[in-house]
Asker: 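The following block contains the structure, expressed as structure tokens.
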Amino acid sequence: MNAVEIEEAVSELVDQPFDTAEFPFAFLAAFGNKETTIKRLRTASANASDVTGGVLQKSNIHIATCSEGMVGETLIALRNSPKTTSNKVKFILATDGLSFEAEDLTSGETVACAYAKFPEHFGFFLPLAGITTVKQIRESSFDIRATGRLNKLYVELLKDNPDWATAARRPDMNHFMARLIFCFFAEDTDIFNGEGLFTATIDQMSDRESSNTRYVISTLFRAMNTRIEDRAKAELPRWANGFPYVNGGLFSGSTEVPKFSKIARSYLLHIGGLNWKMINPDIFGSMIQAVADDDERGALGMHYTSVPNILKVLNPLFLDDLRDRLEEAGTNPRMLLNLRRRMSRIRVFDPACGSGNFLVIAYKQMREIEAEINKRRGESDRRTEIPLTNFRGIELRDFPAEIARLALIIAEYQCDVLYRGQKEALAEFLPLDAENWIVSGNALRLDWLSICPPAGTGIKLHAEDLFHTPLDQPQIDFENEGGETYICGNPPYLGFTWQSREQKAEIRELLGGRSSASGFLDYVAGWFVKAAEYIDRTGSVAAFVATNSICQGQSVPLLWPHVFEAGCQILFAYTSFKWSNLASNKAGVTVAVIGIGRPTSSPRKLFEHDDTGGVVVRMGASITPYLTLGQSIIIEKRNAPISDLSVMEFGNKPTDGGHLLLRPDEVPLLGLSQKEEATFIRRIYGSDDFINGGGRCCVWIEDTHLGEALAIDTIRERVDAVRRVRLSSPDKGANALAKRAHQLKLMRIGTRHAIVVAGVSSEHRSFLPVGLVDNRTTLTNLAFALYDAPLWNMALIASSLHISWIATVCGKLETRYRYSNTLGWNTFPVPPLTEKNKADLTRCAEDILLAREAHFPATIADLYDPDAMPADLRAAHERNDEVLERIYIGRRFRNDTERLEKLFELYTKMTANLGKSPKARRAATI
DNA sequence: CATCCGACAGGAG
DNA sequence: CTCCTGTCGGATG
């Protein structure tokens, strides 16, 4: 159950008549407990409660219902119950059907309210359903309730008005929903004259069968679109005339209203009954945007972005600086005034704004600083000088764009109430004076300079996209020309495999043919390229959260030279961290925050998360595109080693639908003779097999044995299955392989042995998984091989030097090591090795293998468990590092920083004459 | 033809 | 569910 479903269940529960005996079970059911769990709890033996009327669920909650007026005493009894302690209960709850009290025993937080109101606090109990991920969400019960109900209304309205679901009418539908939300907010915050006026008017004026709901609502909208002085000739009915003139774009355009069924009408009234004063524009926005998205509707709020994460972008981008200036100003009125003037001209531009949460948070944070300035200057009730229209955004989807503007309007009102008071907020709120300054369109196709024109440069273009489709939105001038512009946001990430044809074309267009392999770039890279161009013209600063892969492996040479050529540097960054997300069973994505701009005199800041969840800042003169401190050297892939090393090859890609691969226990089922088994079965290793000692087998048929092999039924069936899989693949390469369905794509195998490196492996190990396999073992595409190579190669791969290099320059799977021959092995700089060196290293590699042997049958995973690595194996690696590092610098390196410094220095030297591409050479000098 | 990546994916605890 | 850690095959140049 997700949070929205739980909210619905809880609201349903409270609408039922209160049943003393049943309530505890109904409550548990509402929080997603299975019928069987509850059935068990009903039996006296499973219910551990020692309180009258109590139900206790182990490690979760102790609930008791009681007679009227006894709630306080009952809660105390629950708290003091020995069973509460012994069963590690997290929550206690007491209710008599009139009042409701509960306590979170971990945090000590309490809830006490009327029974009917407890659904408003359902977020308090979300940990019961295993939802603990995001604290903000837990505290946003209102936003979840509102989202769930708006979602139901939206779906119902589309059902009644199928034509509104078409692409052409969707914007009308979305605009209509935005108006509704505004009205709900307005009627609960005195913006309308009278509590609940909007909902009450619809309730009274439209009949229960809903035949005229549409008329009533559109009449109200018409009123809100009519100036007071024009009211007389508008001939509005008396009940509509009491509504203020709102407009501001919100009630202009089509004020058409969809048809309302009886159900839709009741949903509408139900939503109006919520307390919209509680809305959090930032959180609500990110949840509500899923409502209009047919694909996302099932997973409401999944892409929720938390405030702390948003601040990782905004603080280092400019808010920290504003706060420093505030600190510096102290109570000096002149300095405070200058800061306020500066802030009034700051523009924040989010070219992927979604429902505007970056803009809303930036606005609220700036208002907080401004309020402090005004307080220190003794001007507490002063009107804000931060214009809402300085918060600009571009958003592809129509509905979020609509919501973004609304969220900003609501944020402005809430800030006014908070810092200046209800009366002042109301006095200046209506009519809304701004046009729509959130542009709905494709940010990669639009010209950012015209949407967010730089101050004082005289650049003013018309907003039309690169494909010359005019934008039917008015141009809005910024207030206060001449300020700073900060670009921020969380643009969409999409790996090259998943991009549409159009998205690929956009990236290619943006790079204008400057990059030969742009087809490998993540979609998010487009925002960095656009931002760099914008910065080149305007000198602003930009920071985005992005998938960390744009700072890894092959993406680095594809993207970053363009950014650097535009005169940008990385000014600050957060290295990889997990982006929290509300979908509990879905893997999160790993991101980095990267800020770019023209070089400044202040040091670069590199933020890293430590193991305890804290943040460490390191400063330096420069940040590399791999998000390390140091000179920016970019490593490009190569197809041959720059050092004197053996050739490393990619493993065999099966592309067989699993039909040529076998688990060891499947081999006997083939019914082969011993001789046949020796001819047709080989061992095959991927990363997992190699690291965890699984060891699969594969069918191995040399062309000369084909006839003999196909005569065996079990083998022929498998070959036929492979052919079908390959023919049905959308990949042309796979189709071609159908001709030799009896074989893996490649049939490489060592004549004596092969040195194996795992393709993907955990970043917690101190050394890369590398080892030796015999000539009956082949490899999948998840492993690399040096066939019949001298053993000293293995000593290099097993070294600390190599793992630092791989960790820095190769791609990653999230944060895992991902080995690559082209990016990591072929680029690895090694000084010339003498025969003596090679002999020493061979000895080291043998010692490592022997040390492992001594622990047979431990797997690589066992042996290299960071907490349990055997001492003799560790010693063998120490000796290996000692020998290798002496070859590099005559002594051991002190740490990885020193290792990388040396490796980059050597790489630069070794590649200087190797004919680099001009692009890479330029990048290397930055 | 070789290989990089995944707003991931699947198993273990 | 949360933590841990690497499959598999398409897309690309």
Side-chain angles (χ1 to χ4, degrees), chain A residues 1 32 127-133 295-296 299 302-305 352 490-501 504 508 515-524 545-550 552-556 558 578-591 637 639 648-658 661 686-692 694 696 725-726 728-737 745-746 748 758-765 769 780-784 810-826 860-861 865-866:
Chain A
M1 268 175 121
L128 288 179
I131 300 174
T132 50
T133 358
D295 300 328
E296 279 191 56
M302 211 178 75
H303 290 301
Y304 170 75
T305 42
N490 178 16
Y493 334 141
L494 203 56
F496 67 88
T497 319
W498 315 108
Q499 285 166 34
S500 69
R501 186 185 293 269
K504 290 232 159 93
R508 193 153 299 155
S515 187
S516 53
S518 59
F520 284 119
L521 276 175
D522 193 287
Y523 195 49
V524 75
V545 8
T547 167
N548 60 353
S549 76
I550 62 165
Q552 293 167 357
Q554 69 173 358
S555 300
V556 171
L558 296 179
K578 274 234 183 270
W579 193 247
S580 50
N581 129 3
L582 268 191
S584 48
N585 55 344
K586 254 187 121 96
V589 54
T590 306
V591 299
K637 47 176 158 182
N639 41 29
M648 181 183 288
E649 295 184 58
F650 198 68
N652 298 321
K653 186 151 131 175
T655 323
D656 67 340
L661 266 42
S687 294
D688 184 36
D689 310 291
F690 177 61
I691 292 169
N692 296 311
R696 283 173 297 176
V725 168
R726 288 183 181 170
S728 62
S729 165
D731 178 27
K732 286 207 175 64
N735 300 154
L737 278 178
K745 190 169 175 180
L746 270 175
R748 298 299 307 271
V760 172
S761 64
S762 166
E763 71 274 31
H764 295 301
R765 301 192 183 106
T780 76
N781 56 337
L782 263 294
F784 291 86
C810 282
K812 300 249 170 87
L813 204 182
E814 302 239 293
T815 48
R816 250 50 22 87
Y817 299 128
R818 169 172 253 155
Y819 203 89
S820 155
N821 51 353
T822 59
L823 285 162
W825 179 249
N826 294 343
I860 295 280
D865 179 336

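Below, chain A is the first sequence line, B the second, and so on; all start at residue 1.
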Asker: With P as the reference atom in both, quote the distance from B:dA7 to B:dT3 in angstrom, rounded to an integer.
Answerer: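 Here B:dA7 and B:dT3 have their P atoms 23 Å from each other.
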Asker: Over how many whole Å does the gap from A:N548 atom CG to B:dA7 atom P extend?
Answerer: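 That distance rounds to 11 Å.
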Asker: May I have the distance from A:I860 (atom CD1) to C:dT5 (atom P), rounded to whole angstrom?
Answerer: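 My rounded result for the distance is 15 Å.
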Asker: Just how far, in rounded Å, is C1' of C:dT5 from NZ of A:K812?
Answerer: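 So the NZ-C1' distance, A:K812 to C:dT5, works out to 15 Å.
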Asker: Please examine the side chains of A:N548 and A:V591, heavy atoms only from C-beta on, and report whether any two atoms are closer than 4.5 Å.
Answerer: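 No, side chains not in contact.
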Asker: With side chains defined as the heavy atoms from C-beta onward, is the minimum distance between A:R508 and A:L521 less than 4.5 Å?
Answerer: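 A:R508 does not reach A:L521 side chain to side chain.
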Asker: Do A:K637 and A:F520 form a cation-pi contact, if we require the NZ or CZ to be under 6.0 Å from the six-membered ring centre and within 45 degrees of the ring's axis?
Answerer: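 Flagged: A:K637 positioned over aromatic ring of A:F520.
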Asker: Kindly indicate, with the supporting measurements, whether the criterion ring pair (Phe, Tyr, Trp, His ring centres under 6.0 Å) is fulfilled by A:Y523 and A:Y493.
Answerer: CA-CA 6 Å; A:Y523 195 49; A:Y493 334 141; over 10 Å; no
Asker: Here's a test of your reading of the structure: between A:V545 and A:M648, which maps to the more 5' nucleotide of DNA chain B?
Answerer: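 The 5'-side residue here is A:M648.
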Asker: Output a table of nitrogen or oxygen pairs between the protein and nucleotides 11-13 of chain B separated by less than 3.5 Å.
Answerer:
none

Asker: For A:K578 and C:dT5, give me the distance from atom NZ to atom C1', rounded to whole Å.
Answerer: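 These atoms are roughly 10 Å apart.
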Asker: In this structure, how many angstroms lie between the C1' atom of B:dG6 and the CG atom of A:D522, rounded?
Answerer: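 Value for this atom pair: 9 Å.
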Asker: Check if the side chain of A:E814 and the base of B:dC8 share a donor-acceptor pair of N or O atoms closer than 3.5 Å.
Answerer: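 Check passes, donor-acceptor contact within cut-off.
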Asker: Hey, does the side chain of A:N652 reach the backbone of A:N781 with a donor-acceptor pair shorter than 3.5 angstrom?
Answerer: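 Pair absent, no side-chain N/O of A:N652 close to backbone of A:N781.
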Asker: Assign A:T590 to base, sugar-phosphate, or nothing according to its heavy-atom contacts below 4.0 angstrom with the strands shown.
Answerer: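 A:T590: no heavy atom of the nucleic acid under 4.0 Å.
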Asker: Could you tell me whether A:K812 and A:E763 make a salt bridge, using a distance below 4.0 angstrom between a side-chain N and a carboxylate O?
Answerer: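 No.
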Asker: So, applying side chain to side chain donor-acceptor pair (under 3.5 Å) with A:R696, which one of A:T780, A:D688, A:D689 is it?
Answerer: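 The residue from A:T780, A:D688, A:D689 that satisfies side chain to side chain donor-acceptor pair (under 3.5 Å) with A:R696 turns out to be A:D689.
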Asker: Just how far, in rounded Å, is P of B:dG10 from CZ of A:R816?
Answerer: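 It is 15 Å, rounded to the nearest whole Å.
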Asker: Using the P atom as the reference point in each nucleotide, state the distance between B:dC4 and B:dC8 in Å, no decimals.
Answerer: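 22 Å, rounded to whole Å.
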Asker: Among B:dG6, B:dC4, C:dG6, which is the nearest nucleotide to the side chain of A:R765?
Answerer: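 The answer is C:dG6.
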Asker: Counting only side-chain N and O atoms of A:T822, is one of them less than 4.0 Å from OP1 or OP2 of B:dA2?
Answerer: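 Answer is no, no contact under 4.0 Å.
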Asker: Could you run through DNA chain B and flag its stems, i.e. three or more consecutive Watson-Crick or G-U pairs with both distances under 3.5 Å?
Answerer: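 Stem segments, range with range: B:1-6 with C:8-13, B:8-13 with C:1-6.
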Asker: Please tell me if the side chains of A:F496 and A:Q554 come closer than 4.5 Å, counting only heavy atoms from C-beta onward.
Answerer: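 Yes. Closest side-chain heavy atoms under 4.5 Å.
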Asker: Is there a side-chain contact between A:R818 and A:C810 (heavy atoms, below 4.5 Å)?
Answerer: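 Of all side-chain heavy-atom pairs linking A:C810 with A:R818, none is under 4.5 Å.
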Asker: Quick one: does A:V760's side chain get under 4.5 Å of A:L782's, heavy atoms only?
Answerer: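 Side-chain contact under 4.5 Å: yes.
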Asker: Verify, without hydrogens or angle tests, whether A:N735 (side chain) and A:S729 (backbone) share a donor-acceptor contact under 3.5 angstrom.
Answerer: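 Judged by distance alone, yes, a pair lies under 3.5 Å.
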Asker: Starting from P on B:dC4, measure out to OH on A:Y819 and report it in whole angstrom.
Answerer: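 After rounding, the gap between these two atoms is 11 Å.
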Asker: Categorize A:P491 for me: base, sugar-phosphate, or nothing, with a 4.0 angstrom heavy-atom threshold over every strand shown.
Answerer: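 The residue A:P491 makes base contact.
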Asker: Please check: side-chain N/O of A:Q499 versus main-chain N/O of A:L494, any donor-acceptor pairing under 3.5 Å?
Answerer: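 Yes, A:Q499 side chain to A:L494 backbone: donor-acceptor pair under 3.5 Å.
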Asker: Given the C1' atoms of B:dA9 and B:dC5, what is the spacing between them in whole Å?
Answerer: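 14 Å, rounded to whole Å.
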Asker: Using a 4.0 Å heavy-atom cut-off to protein, can you give one letter per nucleotide of nucleotides 7-13 of chain C, 5' to 3': B if the base is in contact, S if only the sugar-phosphate is, - if neither?
Answerer: BBBBBBS
Asker: Calculate the interatomic distance between A:E649 atom CD and B:dT3 atom P; express it in whole Å.
Answerer: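 These atoms are roughly 8 Å apart.
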